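Reading through the structure tokens given below for one structure.
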Amino acid sequence: AVLGCALWVLLPGLLAEQCPSPCSCTSLGEARGTRVDCGSRGLRSLPALPRLTRSLHLHNNSLASVPAGALDSLGHLQELELGDNPWHCDCHVLYLKLWLEDFSAPALARLRCASPAHLRMKPLGQLSGNELGGCTTLLPTGCLQFFWRDLILIAGVIITLVLVALALKFSKKLVCQLTLGGWRLRRSISKSH
């Protein structure tokens, strides 16, 4: 009971520590997560967000893009407001577009490009690879780098496992030889006495 009371007293303090300074955070209950309101705060970049964010309001700011991976850790997120931001539709918006395709197609459909001029007012969900320019050549290269890195790591693990298996096999033979050799030595000593 004392531990429960201590957690109840400390929980608002822990939430306050995790809440980004320009935003306000409200606990939705221990099991439900946190409501993070960063709407209309003049943000030019995405702040560090609490992992247990359930509801996130980023509307009416000056966000032009979201850094790659910035939303990946928000596994509890269920509600997201991103409207009224001046999205710059180039390679930097590609992460947000792809992430929203998985998270919420309706939210993606509501977002529109503010720049460059030839894409102004075009929905992010309708952007094609040609409109994003060099992104189509950038993405596969990055994927290939991860592929080769992962392939090298897997090969390293396999080689390590093979070496460990060989070492165990060799050590078993050595133990058997030492045991048999010791048994023969004891037998020959006992015969000579």
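Here the structure is a predicted model, which means the values were calculated and not measured.
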Exercise. Taking Arg35 for its side chain and Thr26 for its backbone only, find out whether a donor-acceptor pair lies under 3.5 Å.
Key: no

Practice problem: Determine yes or no for a side-chain-to-main-chain donor-acceptor pair under 3.5 angstrom, with Asp84 supplying the side chain and Asn60 the backbone. | Solution: no

Quiz item: Of all heavy-atom pairs between Leu100 and Ala107, which one has the smallest distance, and what is that distance?
Solution: CD2-CB, 4.3 Å

Quiz prompt | Where Leu71 and Tyr95 come nearest, the two heavy atoms and their spacing | solution = N-OH, 3.0 Å

Exercise. Taking all heavy atoms of Ala64 and all of Val93, pick out the closest pair and write down the distance.
Key: O-CG2, 4.4 Å

Quiz prompt | Backbone N/O of Asn85 and side chain of Asn61: donor-acceptor pair under 3.5 Å | solution = no

Quiz prompt | Distance-minimising heavy-atom pair for Phe103 and Leu77 | solution = CE1-O, 3.4 Å

Quiz item: Quick check: does any side chain N or O of Arg44 sit under 3.5 Å from a backbone N or O of Ser62, one acting as donor and the other as acceptor?
Solution: no

Quiz item: Would a distance-only check, ignoring hydrogens and angles, find a side-chain to backbone donor-acceptor pair under 3.5 Å from Arg54 to Gly33?
Solution: no

Practice problem: Mind listing the closest non-hydrogen atom pair of Glu101 and Leu108 along with its distance? | Solution: CG-CD2, 3.5 Å

Self-check item: For the student: nearest non-hydrogen atoms of Pro20 and Ala48, plus distance
Solution: CG-O, 3.2 Å

Quiz item: side chain to side chain contact (heavy atoms under 4.5 Å, CB included) with His88: which of Ser65, Cys113, Ser115?
Solution: Ser115

